[in-house]
Amino acid sequence: MNQGNFNLPPYLKALAVLLLIIVIVFILIIGRSLLVPLFLAGLVSILLTPMSDYIESKKISRVWSTVISLVSGLVFIFGLMSFIVFQIASFGRDLGNVKEKLNVYLVQIDGFISDKFQIETGIGNGIDKHFLLDWVQTHSSSLAEFVFGTIGSLSMVLLLPVFIFFFLLYRDHLTLFLAGLFPRHDKEKVKMEILVLRKVVQSYIVGVLKVMVILAILNTAVLFGLGIKHAIFFGVFAAVLNIVPYLGPLVALVLPVVFAFLTKDGLFYPIGIIVSFQLIQMIEANFLTPKIVGSNVNLNAFATFLGLLVGASIWGVVGMILIIPALAVLRKIFELTDATKPYALLLGEEKNDIDYFKE
């Protein structure tokens with residue numbers, strides 16, 4: 001009698017998986033203040049690892065290479081944040097100039113609704129200038145708080161560089177630890193798989209950053225060509241939001257279109273922005289992302305959309321950014337064993353289905 005194998009009934013297996021998912025989601029929600037900087041630090045440290053390796057190849061110690069890489073990464077991050085805050089502040093100060101034209105449109109809309117539906121909306125009275133200016137000044141003065149609020153709490157900002165430092169410093173130690181979790185497998189093979197996963201995430205982040213820079217240049221050039229004020233702000237804003245699939249490009253399009261509609265005469269400029277941005281998105285989806293990012297992520301649309309909803313509900317904007325590389329890593333992990341390959345199939349593209357059943 002073989003007592004070594006014990007198989008649970010299918011319904012108990014399904015129940016165990018469901019309970020595991022509930023526990024994981026609960027932990028993610030409760031531990032947000034700690035887990036968000038931990039995940040962000042993991043991504044940033046993976047991105048900085050090649051720099052640290054290069055510095056160490058010049059006979060510099062691990063500690064100093066880590067410090068140099070960390071400082072370089074922090075300078076870039078805070079430089080980018082300062083640029084975004086400055087651009088938003090400049091845009092916020094200019095909002096008061098669109099008040100008169102906005103009021104004209106509100107009067108026309110109010111007259112149309114009143115004539116057609118006999119409904120008094122009150123929007124024909126326009127926007128109070130003092131209220132608009134007070135709102136802009138109040139929110140412009142708290143832009144730093146808004147940015148920090150979007151990323152997370154102040155404690156998260158303080159923990160982020162600490163976690164990055166330790167991830168870079170102990171990266172080999174952590175690799176050995178992960179390899180030790182699979183005693184039945186060859187350690188060198190496990191270490192190679194971990195290296196592959198790290199390169200997948202690294203390639204994805206670098207590829208996304210390259211695409212983001214190209215999109216920022218193309219968007220800004222188009223807006224400059226159309227004579228839209230704050231072209232740099234709108235162009236960079238659209239490029240950054242492109243990191244959120246499907247939803248990001250749509251949100252990024254609305255702001256410059258509305259601004260052009262309120263500040264320019266005629267519909268040529270809003271329509272020009274819509275057409276130009278759509279052409280840029282076609283170039284990004286069919287050429288830039290496949291060539292630069294490649295198949296490192298290769299998630300299907302349903303998995304991506306569902307992941308964005310889950311990430312947003314758990315961690316907000318940061319969750320939407322982190323969920324895509326997290327799903328990409330999960331897909332690669334699921335591909336390692338035959339037992340979990342169906343889950344990789346569920347996350348991957350339909351055109352690659354045959355790859356999972358060749359054997």
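Worth knowing before you read on, the calculation uses all heavy atoms, side chains too, and leaves out hydrogens, waters and symmetry mates. When a residue number appears, it is its place in the shown sequence, counting from 1.
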Atom CG in Leu160, atom CD1 in Ile164: separation rounded to 0.5 Å? 4.0 Å
If I compare all heavy atoms of Glu56 with all of Ser61, which pair ends up nearest, and what's the gap? CG-O, 4.3 Å
Where does the angle between the aromatic ring planes of His230 and Phe259 fall among parallel (under 30°), tilted (30 to 60°) and perpendicular (over 60°)? perpendicular
Candidate pair Arg171 and Ser45, rule side chain to side chain contact (heavy atoms under 4.5 Å, CB included), full reasoning: CA-CA 9 Å; Arg171 58 184 183 273; Ser45 62; over 6 Å; no
Using a 6.0 Å cut-off, check whether atom CZ of Phe163 has over 12 heavy atoms from anything other than its own residue. yes
Side-chain cluster (under 4.5 Å, hydrophobic types only) that Ile22 belongs to, other residues: Leu18
Hey, which of Thr220, Ile228, Asn219 is the one that makes side chain to side chain contact (heavy atoms under 4.5 Å, CB included) with Phe234? Ile228
Within the supplied structure, the quantity of interest is the number of heavy atoms (other residues, nucleotides, ligands) at a distance under 6.0 Å from Phe165 CZ; does it exceed 12? yes
Taking the side chain as every heavy atom from C-beta outward, state whether Thr49 and Phe167 have any pair of such atoms under 4.5 Å apart. no
One pair to check against side chain to side chain contact (heavy atoms under 4.5 Å, CB included): Leu47 and Leu43. What are the steps and the verdict? CA-CA 6 Å; Leu47 191 60; Leu43 292 179; over 6 Å; no
If you group Ile, Leu, Val, Met, Phe, Trp and Tyr by side-chain heavy-atom gaps below 4.5 Å, do Val75 and Val213 land in one group? no
Straight-line distance of Thr66 OG1 to Leu169 CG, nearest 0.5 Å: 5.0 Å
Examine Leu327 and Phe305 and state if one hydrophobic cluster contains both, with Ile, Leu, Val, Met, Phe, Trp and Tyr joined whenever side-chain heavy atoms are less than 4.5 Å apart. no
Output for pair (Leu34 CG, Arg32 CZ), nearest 0.5 Å, gives 12.0 Å
So if you build clusters from Ile, Leu, Val, Met, Phe, Trp, Tyr with side-chain heavy-atom gaps below 4.5 Å, do Phe166 and Leu38 land together? yes
Side chain to side chain contact (heavy atoms under 4.5 Å, CB included) between Val222 and Ile273: does it pass, once the steps are laid out? CA-CA 8 Å; Val222 166; Ile273 294 175; 5.8 Å; no
One should read off an interatomic distance between Leu255 CG and Phe233 CZ, to the nearest 0.5 angstrom, of 5.5 Å
Considering all heavy atoms of both residues, which atom of Gly73 and which atom of Leu48 are nearest to each other, and what is their separation? CA-CD2, 4.2 Å
Do you reckon Trp315 sits in the same ILVMFWY cluster as Phe26, going by side-chain contacts under 4.5 Å, direct or chained? no
What is the minimum heavy-atom distance between Leu226 and Gly272, and which atoms define it? CD1-C, 3.9 Å
Which heavy-atom pair separates Leu74 from Pro161 by the least distance, and what is that distance? CD1-CB, 3.9 Å
Taking atom CG of Leu306 and atom CD1 of Ile323, what is their separation to the nearest 0.5 Å? 9.0 Å
Membership question, hydrophobic clusters at under 4.5 Å side-chain separation (ILVMFWY): are Leu209 and Val44 in the same one? yes
Minimum heavy-atom separation for Ile46 to Gln202, with atom names? O-OE1, 3.5 Å
I would like to know whether Asp172 and Arg62 meet side chain to side chain contact (heavy atoms under 4.5 Å, CB included); could you show each step before the answer? CA-CA 11 Å; Asp172 294 336; Arg62 171 65 60 90; 2.8 Å; yes
Does Tyr54 offer a backbone N or O that forms a donor-acceptor pair with the side chain of Ser57 under 3.5 Å? yes
Which value, rounded to the nearest 0.5 Å, describes the distance between Leu346 atom CG and Phe302 atom CZ? 7.5 Å
Suppose we screen for side-chain contact (heavy atoms from CB on, under 4.5 Å). Which residues come up paired with Ile29, at least two apart in sequence or across chains? Val25, Ile314
Is there a side-chain contact between Gln281 and Leu253, using heavy atoms and a 4.5 Å cut-off? no
Correct closest heavy-atom pair for Ala252 and Phe277 would be O-CE2, 4.4 Å
